[in-house]
Amino acid sequence: MRRYFLRKILHSLSIIFGVALIIFTLFHVIGGDPVYEILGKYANAERAQDLRNEYGLNKPLWTQFILYLKQIVTFDYGRSYATRQSISEILSNGIGPSLSLTLPAFVITTVLAVSISLFSAFFRGKLTDRLILLLSVLGMSVPVLAYILFGQYFLAYKLGLFPISGYAHSLGERISYLVLPVLIWIVINLGYDVRYFRVFISKELNQDYVRTARAKGLSEVSVFTKHILRNSLVPILTNVVIQIPFLILGSLLIENFFSIPGLGSVIVDAINSRDFPVIKAMTTLVSMLFIIGHLITDLLYAVVDPRIKIQ
Amino acid sequence: MKDIVYDYRTINYLVRDKWAVLSGVVIIAYVILGLISNFKFADYALTATVSNSYLPPSFDSIELIFGTDLFGRSVLLKTLCGAYTAIKVGLIAVFISIPIGVVLGLVAGYFGGLVDDVVVWFYSTIASIPNIILLIAFTYVLGRGISSVYIALGLTTWIGLARLVRAEVMREKETEYVLGARALGARSSRIIFRHVLPNLRHLVTVTFSVQFIHAVKAEVILSFLGLGAYGTPSWGVMINDSKQELVRGIWWQLAAASGAMFLLVLAFNVFSDSFEHVWDPKVK
């Protein structure tokens, strides 16, 4: 067990190093000197030099890379150029709002999608099944922006069912602002998930244990809800769990439209103000969380299911 | 035997599947219309006539069927030229990413060992950066413009295919016909090009569809964020414009761009589904 853990941790460290290398290359080698882009029309040689000093851009590349690795370890990414706020503060302030949008939306979507795909598989080949798959494909094909604009314009602006946009820190008020964004997230993702989960469920349908359960005389409903559901949950959950670190990212577009001050909005604002230190820090942070999340999942699986270690 | 399967049975099945035919027709129509309008009307689609600002859709002339935008430009022509942009981005992105995916997957799966470790490490690394963020970082760094979009897409979306190809090649490598070829003294290059590569066609075809859809959607989102198309008609730019227009009751630009994108993505979704069913009847 210890050897397996050690191997996994070393592997994750090598990936972290790789990610750091890629992001660094992207921003410092391919991207070249960003100062004129940041300064825009206020650029002059002196300001440019100051900015290079502040972000260490005039040091040799390898020193810059070591400084960047240090930033990753200490979680201190310096200051945003546009707002002069500390970047770690911007990031940690954004996680809460992002999660309060994505976490409920994610949980509801997953539960709904599993139920619908199970329901669909129960009626496999029949009209209900085909209708569900048809609706999923149609739903997947509608552009994300169309959902958001339509929802905001009709449901919030025209019909006044929801507030148009906004966010509150007190929990009760926050919920009223989040209902529509959560709803839109669900509609956007439901089609994909239903189709995706349906494949896992289909794979279970012809297994021996299903035949045994039927042969025992169990009703079709209990074959589905007890046996097939439980067995297909394993691959489904594996695929669901690895998405969790991405949830802190929120949703760029939904947060932007509904003025939710999450990490998605942070990125969009950073793009608009050409705030390259923030974009770089954001890219790094989400990737690191993903790697760590992945590592924890792997280790937990090994604890739960000792067979995994052998591979 | 396997060569014949691709040529006759696949095409035969696809032709008999009316949804596959229909979606194929839609895709071809998009390509033709996009090409024609790009070469005939691209200038016209971007010429401003302020007096015609925001004319609602009408049947007075074909150009006005979807109304006009702020600058009096025909929304229909913009939509059609947007189709050209979308298809161009999709195709170029796919033509960059598919060779990378196939070559890396093939090399890793076939040679194994250290080569495999390096390739797997490389794609696990890229897969750890959320795709949308990586795309944003790429286009931000490369500078605004449609060419940044397809370079960014091409360089970031090959991972799925590389994984599939690697797994498939590892399986193929142990099959009897490959072992047989090797026993007869065939060189690696011959085994790869004659025996292994032809069996990857179905993976490539399905990936083509999936990545094309991804590219079209990503182009719209990046253009919307101000990182993509610039000075060329694009659905993303149109939808971005309509953000301000909706409150004034001007819906036609949003409807035209979303509708056009919906139909194209739907056609690709249906087509790749039909294709997958031909290849793997178990996935139903």
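Below, each value reflects all heavy atoms present in this structure, side chains not excepted, and no hydrogens, waters or symmetry copies. Chain naming here is simple, since letters A, B, ... match the order of the sequence lines and numbering starts at 1 in each.
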Exercise for review: Give, as side chain, backbone, both or neither, the part of B/D273 having an atom under 4.5 angstrom from any heavy atom of chain A.
Suggested key: side chain

Check your understanding: Quick check: are there more than 12 heavy atoms from other residues, nucleotides or ligands sitting under 6.0 Å from CZ of A/R130?
Key -> no

Point to revise | Heavy-atom side-chain contact between A/T283 and B/I136 under 4.5 Å | key: no

Check your understanding: Side chain, backbone, both or neither: which part of A/I15 has an atom under 4.5 Å from a heavy atom of chain B?
Key -> both

**Study point:** Inter-residue atom distance A/I271.CD1 - B/L222.CG, 0.5 Å rounding
**Key:** 8.0 Å

Exercise for review: Heavy atoms only: give me the nearest B/L227-A/R274 pair and the separation to one decimal.
Suggested key: CD2-NH2, 4.0 Å

Check your understanding: Where on A/R195 is there a heavy atom nearer than 4.5 Å to chain B: the side chain, the backbone, both, or neither?
Key -> side chain

Point to revise | Top contributor to chain B interface from A/L145, A/V142, A/I267 [non-hydrogen pairs under 4.5 Å] | key: A/L145

Practice item. Look up atom CD1 in A/I23 and atom OG1 in B/T125, then write down how far apart they are to the nearest 0.5 Å. Key: 10.5 Å

Practice item. Measure the spacing between CD1 of B/I129 and CG of A/L26 and express it to the nearest 0.5 Å. Key: 8.0 Å

Revision key, fill the gap. Under 4.5 Å to a heavy atom of chain B? For A/L149 that would be both

Review point. Should we say atom CH2 of B/W19 is surrounded by more than 12 heavy atoms from elsewhere, each under 6.0 Å from it?
Key: no

Exercise for review: Among the options A/F257, A/F150, A/F17, pick out the one with the most heavy-atom pairs lying under 4.5 Å from chain B.
Suggested key: A/F257

**Study point:** Inter-residue atom distance A/I148.CD1 - B/F224.CZ, 0.5 Å rounding
**Key:** 7.5 Å

Revision key, fill the gap. If one checks every heavy atom of B/A257 against chain A at 4.5 Å, the contacting part turns out to be neither

Point to revise | A/F65 atom CZ, over 12 foreign heavy atoms within 6.0 Å | key: yes

**Study point:** A/L138 vs B/F262 side-chain heavy atoms within contact, under 4.5 Å
**Key:** yes

Revision key, fill the gap. Checked A/P143, A/G125, A/A121, A/A146 vs chain B; the most non-hydrogen pairs under 4.5 Å come from A/P143

Review point. Any chance CZ of B/F122 has more than 12 other-residue heavy atoms, nucleotides or ligands included, within less than 6.0 Å?
Key: no

Check your understanding: Heavy-atom distance under 4.5 Å to chain B: side chain of A/M140, backbone, both or neither?
Key -> both

Review point. Who among B/G236, B/S258, B/S242 has the most heavy-atom pairs with chain A under 4.5 Å?
Key: B/S258

**Study point:** Residue part contacting chain B, namely of A/N256, when any heavy atom lies under 4.5 Å
**Key:** side chain

Check your understanding: Roughly how far, to the nearest 0.5 Å, is CG of A/L253 from CD1 of B/I132?
Key -> 7.5 Å

Review point. What heavy-atom pair brings A/F290 and B/A127 nearest, and what distance separates the two atoms?
Key: CE2-O, 3.8 Å

Check your understanding: So, is the end of the A/K280 side chain (NZ or CZ) under 6.0 Å from the ring centre of B/Y140 and within 45° of the ring's axis?
Key -> no

Review point. Looking at CG of B/L225 and CG of A/L252, how far apart are the two atoms once the value is rounded to the nearest 0.5 Å?
Key: 6.5 Å

Review point. What part of B/L264 is in contact with chain A, defined as an atom under 4.5 angstrom from a non-hydrogen atom: side chain, backbone, both or neither?
Key: neither

